[in-house]
Amino acid sequence: MSEASRSLNFIEHIIEDDLSAGFPKKQLRFRFPPEPNGYLHIGHASSICLNFGLGLRYDAPVNLRFDDTNPAKEESEYVEAIKRDVEWLGFQWAEERYASDYFQQLYDWAEQLIRDGKAYVDSQTSEEIAAQKGTPTEAGTESPFRNRSVSENLELFRGMKEGKFAQGEHVLRARIDMASPNMLLRDPVMYRILHRAHHRTNTDWCIYPLYDWTHGESDYIEQVSHSLCTLEFKPHRPLYDWFLDCVTEPDKLRPKQREFARRNLSHTVVSKRKLLELVTGGHVSGWDDPRMPTISGLRRRGCTPEAIRNFADTIGIAKRENVVDVALLDFHMREHLNKVAPRVMAVLDPIKLVITNYPEGQEEWLETENNPEDPEAGTREIPFSRELYIEQEDFREEANRKFFRLKLGGEVRLKSGYIIKAERAVKDDKGRVVEVHCTYDPKSRSGSGTEESMRKVKGTLHWVSASHAIPAEVRLYDRLFTDPTPDQHKDRDFMEFINPDSLEVVQAWLEPGLETAQPSDRFQFQRLGYFCVDPDSTPANLVFNRTVTLRDTWAKIEQKEA
RNA sequence: UGGCCUAUGGUGUAAUUGGCAACACUACUGAUUUUGGUUCAGUCAUUCUAGGUUCGAGUCCUAGUAGGCCAACCA
């Protein structure tokens, strides 16, 4: 149990403190509260891992609760997408709940607040109400309707509910303090009239509660012990508590809200508006484009749930501003994929290699390991023949000592095959190398046990047999933005930093066994990176997405020399 | 002329509550390697600043500085 030795984050400290102060462990309960108005992204993943992780740690239930109080924005399509994403991440919620389940209870409580003189119907326009709100440094002014009688308020509020008024004609407001330094306490709106069908309650209601009035009360109804949200809700906490004071009974658990800093990822954006702009502007193919930081995008790219959970775990949770380097996410993808992804050979940018002393028409099947990290993964056979493809960049006519690959007169090992020596570069009219002719040492076959097969040569190349290889479309993805914090520049729009080379599509040659690869299958293309079969893929037209490259020490050496 | 929050290597998070600043990533060295992958070993900090309390301060006190959040009938 390495888990036990892990240091606690500040939320866990709070819970431990509550526990040692006598809070019964059995009453611990958490919730993940998305609004079903968009797709989940990597930032949500952190919150999901936090809440569900706490559930696992304390053996406590975690509800999935949709905060669906705004019928203008929410759709059941998003509910389904969110559920799929949470499940894919590997978490199970105790109960699926909706804030809309509580509309009647919320309404009844609202009438109670009116009777207690804690809420009133305001009949001003939203502009008037906004104008009276004041500013952070100036107190607001009270509404002329603030002192309506209980019976008048009740009658009006019931009228609102019964649909007697047009949208915007009245709102229900909490009666708190128009001079509070906390602007959220300046008589916040609790209900607005919205003549709109709701994805669950349809037209049952034409008044809808707002977030502040709904959230804490929903936590209370569900008896959530610790309601965790992001830092921008910190100023809402006094209101959360004020509303709770209005309804809580002494024998029931009173939820507490605590806030943590949302996680920011470098080289991307996560705001819904900006993500939407990328989609509608055609910069990506959709919400699940593999370059998107959405859960669905990461999934399509080939990222594993384990990688995301480990990532969330290592970045932890705290209260300060942060930008987590996307390199850490890459690390976790590689770390997990290294253990589970079968190795295969694929050539993305081919050049033909002809072994002049290998008999024409001959072929043989070479045994190769599926995953050196996993002995259980076994072996498979791959075809070898006179004409092969290797990567263009693995051959140079001449190169210095640091180039461990194929150069004229130099030797190299073909992975799981033979040692070859480059003899001649065949060029076209323009002087471009179109073929490399080489000779092989027939006694050097990998695993044959001969002295020649044991010889150490510095370089090992991946390859495919030209006549056996199958074609595939391979989509090479890079980060979407060239700047680490594209949306944190004061005078520059984040779109200025979009990476024009974030997608390159190539036609590659794969070892024939990949013919049967199915969407979402993941592989390591040896020496290149991890790749995942795209949902667009068909047996007749294979499509792979590059999830992440392998670490590339050679690229760094080259870069330094340039 | 406001309120609230936050400051620890390049990045993210720790620090047994006042006792040798730790872990991971990145970067850089080197070893191993039939993937320039993996693995292994190593290197990288005046804890925002200035004072103060103390035998001892990342932690406590005072004063600054910097950054973030708050004026939807959004969540």
Side-chain angles (χ1 to χ4, degrees), chain A residues 6-9 13 33-35 37 67-70 72-74 122 125-126 129-131 133-140 167-168 170-173 180-184 186 188-194 208 210-212 214-215 229-238 259 261 263 266 272 311 313-332 334-335 338-339 343 345 368-369 372-373 402-405 412-417 419 446-447 453-462 484 524-529 549-557:
Chain A
R6 208 192 94 226
S7 61
L8 304 181
N9 62 45
H13 278 298
E35 183 191 12
N37 74 339
D67 263 340
D68 55 350
T69 55
N70 188 351
K73 290 188 178 175
E74 296 143 7
D122 198 339
T125 65
S126 61
I129 292 174
K133 202 100 189 182
T135 70
T137 53
E138 291 165 305
Q167 210 155 300
H170 305 286
V171 291
L172 185 73
R173 287 230 255 170
S180 171
N182 182 343
M183 299 201 57
L184 292 156
R186 323 242 259 229
V189 174
M190 295 170 66
Y191 276 95
R192 78 288 218 192
I193 298 167
L194 245 31
Y208 291 93
L210 277 97
Y211 168 83
D212 287 300
T214 309
H215 197 85
C229 60
T230 47
L231 234 34
E232 69 268 28
F233 290 98
K234 180 69 206 269
H236 293 245
R237 191 150 111 196
E259 311 81 11
R263 320 305 310 190
S266 77
K272 268 171 202 162
F311 169 73
D313 228 47
T314 62
I315 63 179
I317 212 77
K319 293 212 268 193
R320 53 176 166 171
E321 289 295 305
N322 61 80
V323 182
V324 181
D325 195 333
V326 71
L328 187 58
L329 216 210
D330 289 345
F331 165 81
H332 283 287
R334 291 187 185 114
E335 186 190 47
N338 178 48
K339 290 184 203 133
R343 272 58 170 172
M345 293 217 266
T368 186
E369 56 200 345
E373 301 299 313
K402 284 184 184 166
F403 187 78
F404 300 163
R405 307 176 181 192
V412 93
R413 155 86 57 191
L414 293 175
K415 175 72 183 171
S416 300
I419 293 172
S446 292
S453 72
M454 314 287 220
R455 268 179 61 213
K456 302 280 180 201
V457 282
K458 193 60 188 168
T460 301
L461 305 187
H462 63 275
Q524 185 198 93
F525 288 0
Q526 269 183 131
R527 299 212 303 135
L528 296 173
T549 62
L550 256 28
R551 274 187 67 218
D552 193 349
T553 308
W554 170 238
K556 282 174 198 161
I557 294 169

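We name chains A, B, ... by the order of the sequence lines, and we start the count at 1 in each one.
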Distance in angstrom units between [X] [atom1] and [N] [atom2], rounded:
{"X": "A:Phe233", "N": "B:rC74", "atom1": "CZ", "atom2": "P", "value": "14 Å"}
{"X": "A:Leu528", "N": "B:rG36", "atom1": "CG", "atom2": "C1'", "value": "12 Å"}
{"X": "A:Glu335", "N": "B:rU38", "atom1": "CD", "atom2": "P", "value": "11 Å"}
{"X": "A:Lys339", "N": "B:rU38", "atom1": "NZ", "atom2": "C1'", "value": "11 Å"}
{"X": "A:Glu321", "N": "B:rC4", "atom1": "CD", "atom2": "P", "value": "18 Å"}
{"X": "A:Tyr208", "N": "B:rC74", "atom1": "OH", "atom2": "P", "value": "13 Å"}
{"X": "A:Asn182", "N": "B:rG3", "atom1": "CG", "atom2": "C1'", "value": "7 Å"}
{"X": "A:Leu194", "N": "B:rC73", "atom1": "CG", "atom2": "C1'", "value": "8 Å"}

Distance check, [atom1] atoms only: [N] and [M], in whole angstrom units.
{"N": "B:rG67", "M": "B:rC73", "atom1": "P", "result": "30 Å"}
{"N": "B:rG2", "M": "B:rG51", "atom1": "C1'", "result": "29 Å"}
{"N": "B:rU49", "M": "B:rG30", "atom1": "P", "result": "35 Å"}
{"N": "B:rC4", "M": "B:rU43", "atom1": "C1'", "result": "42 Å"}
{"N": "B:rG58", "M": "B:rU16", "atom1": "C1'", "result": "15 Å"}
{"N": "B:rU26", "M": "B:rA21", "atom1": "P", "result": "26 Å"}
{"N": "B:rU47", "M": "B:rU29", "atom1": "C1'", "result": "27 Å"}

Check your understanding: Does the pair A:Glu259/A:Arg237 count as a salt bridge with the N-to-O cut at 4.0 Å?
Key -> yes
Can you tell me if the side-chain N/O atoms of [X] get under 4.0 Å from OP1 or OP2 in [N]?
{"X": "A:Ser7", "N": "B:rU13", "answer": "no"}
{"X": "A:Arg237", "N": "B:rC5", "answer": "no"}
{"X": "A:His13", "N": "B:rA15", "answer": "yes"}
{"X": "A:Arg527", "N": "B:rG36", "answer": "yes"}
{"X": "A:Lys458", "N": "B:rG36", "answer": "no"}
{"X": "A:Lys234", "N": "B:rC69", "answer": "no"}

Look at the side chain of [X] and the base of [N], then say whether one donor and one acceptor between them are separated by less than 3.5 Å.
{"X": "A:Gln524", "N": "B:rU35", "value": "yes"}
{"X": "A:Arg263", "N": "B:rG12", "value": "no"}
{"X": "A:Ser416", "N": "B:rU34", "value": "no"}
{"X": "A:Arg413", "N": "B:rU34", "value": "yes"}
{"X": "A:His236", "N": "B:rA75", "value": "yes"}

Practice item. Pull up the glycosidic torsion of B:rU46 and say syn or anti, syn being anything within 90° of 0. Key: anti
Exercise for review: Classify the angle between the aromatic ring planes of A:Phe233 and A:Tyr211 as parallel (below 30°), tilted (30 to 60°) or perpendicular (above 60°).
Suggested key: tilted
Quick check for you: among [options], whose closest atom lies nearest to any side-chain atom of [X]?
{"X": "A:Leu210", "options": "B:rG36, B:rC74, B:rU6", "result": "B:rC74"}
{"X": "A:Phe403", "options": "B:rG36, B:rA75, B:rU34", "result": "B:rG36"}
{"X": "A:Thr553", "options": "B:rC70, B:rG37, B:rC73", "result": "B:rG37"}

Check your understanding: If pairs are Watson-Crick or G-U with both distances under 3.5 Å, what is the dot-bracket string of RNA chain B, marking crossing pairs with [ ] and pairs to another strand with |?
Key -> .((((((..((((.....[..)))).(((((.......)))))....(((((..]....))))))))))).....
Review point. Is there a side-chain contact (heavy atoms from CB on, under 4.5 Å) between A:His462 and A:Leu528 once you walk through the steps?
Key: CA-CA 9 Å; A:His462 63 275; A:Leu528 296 173; 3.9 Å; yes
Considering every strand and a 4.0 Å limit on heavy-atom distances, what is the contact class for [X]: base, sugar-phosphate, or nothing?
{"X": "A:Val189", "value": "sugar-phosphate"}
{"X": "A:Thr137", "value": "base"}
{"X": "A:Val323", "value": "sugar-phosphate"}
{"X": "A:Asp212", "value": "nothing"}
{"X": "A:Glu373", "value": "base"}
{"X": "A:Pro372", "value": "base"}

Check your understanding: Which residue, A:Ala130 or A:Asn338, contacts RNA chain B at a nucleotide closer to its 5' end, judged by nearest heavy atom?
Key -> A:Asn338
Review point. Under the side-chain contact (heavy atoms from CB on, under 4.5 Å) criterion, do A:Gln524 and A:Arg334 qualify, and how do the steps go?
Key: CA-CA 10 Å; A:Gln524 185 198 93; A:Arg334 291 187 185 114; over 6 Å; no
Point to revise | Aromatic-base stack, A:Trp554 on B:rG36, cutoff 5.5 Å, angle under 30 | key: yes
Revision key, fill the gap. A correct 5'-to-3' footprint of nucleotides 24-30 of chain B, with B, S and - meaning base, sugar-phosphate only and no protein heavy atom under 4.0 Å, is -S-SSS-
